[in-house]
Amino acid sequence: MSSNIHRVLVTGDAGFIGSHIVDQLLENGYVVGVLDNLATGDLGNLTENRDNLVLHQGDISNRDFVREAVKGYDAVIHEAALVSVARSVEDPFVTNSTNVTGTLNVLKAAVDARVSRFVYASSSSVYGETDVLPKREDLPARPLSPYAVSKLAAENYCVAFARVYDLRTICLRYFNVFGPRQRFGPYSGVIPIFIGRIGNGQPPKIYGDGEQTRDFTYVSDVVEANLLAMTADVKPVEVFNIAAGKTCTINQLAGVIAQIMGREDLEPVHLSERRGDVKNSYADISKAVRWLGYVPRTTLHDGLKKVVAWFESNPIQTRSSATT
Ligand code: UD1
C-alpha cells in the first residue's frame with residue numbers, strides 16, 4: 001500500500017471494470033468507497049468481503065452528492081461512464097452529460113477534498129483513425145464518435161485540472177477491455193455479444209468485412225494498471241495507453257470464440273459497417289511499461305477461455321444478448 005493513500009473512492013464500482021478494481025483494492029488492504037447509481041452496475045458484482053467497503057449510492061451528475069461522497073478519500077479512480085459508441089450515436093446528449101459533466105463533477109469534488117491522486121478511465125476511441133500504427137500517446141486525437149469526443153473532453157478536463165488546481169491526474173486510455181462480469185445487451189462489447197449469440201446457437205453478426213482490428217485487453221491487466229497509476233511516481237499529469245499491445249481482426253475473434261465454444265459450424269453473418277467505428281486499433285504500450293511498470297499478463301486466447309467459462313456458469317447473463 002502506498003504510504004499516503006489509504007482510502008480510495010472508485011466511481012462506477014458496481015459495474016464491470018470498477019468491481020474488479022474494488023476487489024483488488026480490498027485485497028490489498030485499502031478502505032474503498034463505492035460511488036455508483038447502480039443503473040448498470042450490480043451489487044452482486046461486489047466482493048463478499050465488505051468490511052472495508054463504503055457504499056455511496058447516487059449519480060455523478062448530482063454535484064452536491066458527489067462533493068459529499070468524495071470527502072475523506074485520498075485517491076479517486078473514476079470509472080463511471082456510459083460506455084458505448086453505438087449508444088452515443090443514438091443519444092449523444094446523455095453520453096455527454098454522464099461522461100463529460102459527470103467527470104467534471106468528480107474532478108471538482110476531488111480538488112475540494114484535496115485528494116492526492118485522480119485516475120481517469122479514458123478510451124482508445126479518442127485516437128480515431130491515425131496514420132500510424134501502433135497508436136502512441138503523442139499522436140493527435142481525432143475522435144470519430146460522440147462517445148470518443150466525450151472521453152477526450154473529460155481527459156482534457158483532467159489535464160486542465162492538473163494545471164490549474166494542482167490535482168495529480170493520470171488518464172488511462174483503455175483498449176477494448178473484456179473479462180468476466182462484462183454486461184450483455186445491445187450496448188455491450190463485441191466479446192459478450194458473440195459469446196451470447198454462439199451460446200444461444202446463433203451465428204455472430206459482424207459489422208462490415210470483419211477485417212477491422214482491435215487490441216483486446218483482459219480486465220485483470222487493466223486493474224493492475226489502475227493500481228500502478230494510483231501509486232506511481234510520475235509527473236502530475238500523464239496519459240497512458242493500457243492494452244495488450246497485440247492486434248486481432250473481428251473475423252479472427254469470431255473464429256476463436258466459436259472454436260473455444262465448440263461451434264465452428266456457426267458461420268458469421270456480415271452486416272453493413274457500424275457508424276462511428278474505427279478501422280484499426282492497436283496500442284503502443286511502451287510508455288506505460290516504462291513509467292508505470294505495466295506488463296500485460298493475459299493473452300487474448302487465455303482471457304477468452306476464462307470469459308467463456310464465466311458466462312457458461314452465469315447463463316442468465318446471456319439471455320438478453322440473443323437478439324443484439
Ligand atoms: C470502442 C473503443 C473502446 C471502448 C469502447 C466502449 C475504439 C477502437 N475502441 O470500442 O476502447 O472501450 O468503445 O464501448 O474506439 N462488432 C461486430 N459485431 C457485434 C458487435 C461489434 O462486428 O455484434 C464490431 C464493431 O463494429 C467493432 C468491433 O466489433 O468494429 C468492436 O466493437 P465494440 O466491442 O463495440 O467496441 P469498440 O466500438 O471497438
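As the structure is a prediction and not an experimental result, all values here were calculated from the model. In each ligand, atom 1 is the first atom listed, and ligand 1 is the first ligand listed.
Ring centroid separation for the pair H56 and Y73 comes in under the 6.0 Å cut-off.
Not one N or O of S188 is nearer than 3.5 Å to an N or O of ligand 1, by distance alone.
With no hydrogens or angles considered, a side-chain donor-acceptor pair links Y127 and N241 at under 3.5 Å.
Using a 4.0 Å cut-off between heavy atoms, V190 contacts ligand 1 through both its backbone and its side chain. At a heavy-atom distance under 4.0 Å, atoms from both the backbone and the side chain of S124 approach ligand 1. Only the side chain of S123 comes within 4.0 Å of ligand 1, judged by heavy-atom distances.
Listed by number with element, the atoms of ligand 1 under 4.0 angstrom from any heavy atom of Y174 are 11 (O). Proximity to I193 (heavy-atom distance under 4.0 Å) selects the following atoms of ligand 1: 23 (O). Residue-ligand proximity, F194 to ligand 1, at heavy-atom distances under 4.0 Å covers atoms 18 (N), 19 (C), 23 (O). Set against the non-hydrogen atoms of S281, the atoms of ligand 1 under 4.0 Å away are 8 (C). Counting the atoms of ligand 1 from 1 in the order shown, those under 4.0 Å from a heavy atom of G189 are 34 (O).
Considering V222, I77, V22 as possible partners of I17, the one that fulfils the side chain to side chain contact (heavy atoms under 4.5 Å, CB included) test is V222.
Residue K205 holds the heavy atom nearest to atom 23 (O) of ligand 1 of all those in R173, R214, K205. Closest to atom 19 (C) of ligand 1 by heavy atom, among Y207, F175, Y147, is Y207. Of the candidates I250, I206, V85, it is V85 that places a heavy atom closest to atom 13 (O) of ligand 1.
Y127 does not count as a contact of ligand 1, since none of its heavy atoms falls under 4.0 Å from the ligand. Using 4.0 Å as the threshold, D277 has a heavy atom nearer than that to some atom of ligand 1. Not a single heavy atom of Y187 sits less than 4.0 Å from an atom of ligand 1.
When the shell of 6.0 Å around CD of Q259 is examined, it contains more than 12 heavy atoms from other residues, nucleotides or ligands.
Annotation: cation-pi pair R181/F16 absent, no NZ/CZ under 6.0 Å from the ring centroid and within 45° of its normal.
Hydrophobic clustering, with ILVMFWY side chains joined whenever heavy atoms are under 4.5 angstrom apart, groups L292 together with V177.
When all heavy atoms are compared, the tightest approach of V269 to P203 is CG2-CG, 3.7 Å. Nearest heavy atom pair, residue W310 against residue P180, reads CG-CB, 3.6 Å.
Taking the six-membered ring for Trp and thresholds of 30 and 60 degrees, F178 and Y218 have ring planes more than 60 degrees apart, a perpendicular arrangement.
For N200 (side chain) and Q202 (main-chain N/O), no donor-acceptor pair under 3.5 Å exists by modelled atom type.
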